[in-house]
Enquirer: 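The structure follows.
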Amino acid sequence: MISLSRKSRIAIGLIVTGAILAGGVIAFAIDSPSVVMESAPNASSPLCGEIAKKYPREILGEARSDVELPGVAVWGESTVILRCGLTPPRPTLDPCFNVNGVDWVLEEGKSGEGKKTLITYGRNPAVEVVISDASPSAGDGLVDLSKVVEGIPQKSKCL
């Protein structure tokens with residue numbers, strides 16, 4: 001039988017407890033189809049503050065909800081979620097299209113489970129939009145959001 005000091009037993013207990021808790025959090029995240037809402041790393045950018053003043057009150061027939069997270073806007077029951085302050089994407093093979101002068105990349109790896117994830121291309125900070133597949137016409141929402149996002153200067157194009 002191996003004899004462990006009190007400190008060693010406590011350390012092992014903390015490690016095992018941490019592993020169990022982490023496993024539970026990972027399992028919860030995998031089982032949860034909802035979108036995690038958190039501020040982007042550069043949400044405090046002055047440009048994010050400027051475009052936030054232009055967020056429409058309604059998109060796709062859904063009213064904007066009050067959210068206390070910097071750089072985040074939500075319409076409806078998470079029908080549309082916008083996060084400003086992300087790192088711009090690198091050149092990608094994901095589909096890219098222009099909506100009223102704003103290049104958007106459909107992030108195929110992040111889309112699915114009833115939602116589409118798009119991110120602006122060539123703008124820093126980047127803006128991510130997650131739109132529920134249940135929304136009637138996501139393109140109309142991008143038209144409205146492109147008017148807002150155009151306030152962030154475009155440095156490069158994907159098309």
Enquirer: Look up atom OG1 in T120 and atom CG in L142, then write down how far apart they are to the nearest 0.5 Å.
Expert: 11.0 Å

Enquirer: A side-chain contact here means heavy atoms from C-beta on lying under 4.5 Å apart; do V80 and V74 qualify?
Expert: no

Enquirer: Kindly indicate, with the supporting measurements, whether the criterion side chain to side chain contact (heavy atoms under 4.5 Å, CB included) is fulfilled by N100 and V143.
Expert: CA-CA 7 Å; N100 291 348; V143 168; 3.5 Å; yes

Enquirer: Measure the OG-CD1 distance between S132 and I81 for me, rounded to the nearest 0.5 Å.
Expert: 9.5 Å

Enquirer: Let's go through I152 and C84 carefully: what are the C-alpha distance in whole Å and the side-chain angles of both, what is the deciding distance for side chain to side chain contact (heavy atoms under 4.5 Å, CB included) to 0.1 Å, and is it a yes or a no?
Expert: CA-CA 10 Å; I152 299 174; C84 182; 4.2 Å; yes

Enquirer: Going by heavy atoms in the side chains, are K110 and E128 under 4.5 Å from each other?
Expert: yes

Enquirer: Can you tell me how far the CG atom of N42 sits from the SG atom of C48, to the nearest 0.5 Å?
Expert: 7.5 Å

Enquirer: For a quick test of reading the model, state the closest non-hydrogen atom pair linking D103 to K157 and the distance between them.
Expert: OD2-CA, 3.2 Å

Enquirer: Is any side-chain heavy atom of W104 closer than 4.5 Å to a side-chain heavy atom of L106?
Expert: no

Enquirer: Determine yes or no for a side-chain-to-main-chain donor-acceptor pair under 3.5 angstrom, with S146 supplying the side chain and V99 the backbone.
Expert: yes

Enquirer: Using every non-hydrogen atom in the two residues, find where P89 and A126 come nearest and quote the distance to one decimal.
Expert: CD-CB, 4.4 Å

Enquirer: I want to check something: taking the side chain as every heavy atom from C-beta on, are E107 and K116 in contact at a cut-off of under 4.5 Å?
Expert: no

Enquirer: Are any of the side-chain heavy atoms of E58 and D144 separated by less than 4.5 Å?
Expert: no

Enquirer: Evaluate the side-chain proximity of V127 to L86: yes if any heavy-atom separation is below 4.5 Å, no if none is.
Expert: no

Enquirer: Ignoring hydrogens and angles, tell me if any N or O in the side chain of R83 forms a donor-acceptor pair with the backbone of E38 under 3.5 Å.
Expert: yes

Enquirer: Which heavy atom of G141 sits nearest a heavy atom of L60, and at what distance?
Expert: N-CD2, 3.6 Å

Enquirer: So, for G71 and Y55, which heavy atoms are closest and what is the spacing to 0.1 Å?
Expert: O-OH, 4.1 Å

Enquirer: Roughly how far, to the nearest 0.5 Å, is CH2 of W75 from CD1 of I131?
Expert: 10.0 Å

Enquirer: Once rounded to the nearest 0.5 Å, what's the spacing between atom CG of D94 and atom CD1 of I119?
Expert: 10.5 Å

Enquirer: May I ask you to decide if P56's main-chain N or O and R64's side chain share a donor-acceptor pair within less than 3.5 Å?
Expert: yes

Enquirer: Calculate, to the nearest 0.5 Å, the distance between atoms CG and CD belonging to L118 and E108 respectively.
Expert: 10.5 Å

Enquirer: Is there a donor-acceptor pair closer than 3.5 Å between any side-chain N or O of S39 and the backbone N or O of P70?
Expert: yes

Enquirer: Which atoms form the tightest heavy-atom contact between G85 and P125, and what is the distance?
Expert: CA-CB, 3.6 Å

Enquirer: How far apart are the C-alpha atoms of E150 and K147, what are their side-chain angles, what is the distance that settles it, and do they pass the salt bridge (charged side-chain N to carboxylate O under 4.0 Å, His left out) test?
Expert: CA-CA 6 Å; E150 68 186 6; K147 293 175 189 172; over 6 Å; no

Enquirer: Taking the side chain as every heavy atom from C-beta outward, state whether K155 and N124 have any pair of such atoms under 4.5 Å apart.
Expert: no

Enquirer: Could you report the tightest heavy-atom contact between K54 and V148, atom names first, then the distance?
Expert: O-CG2, 3.3 Å

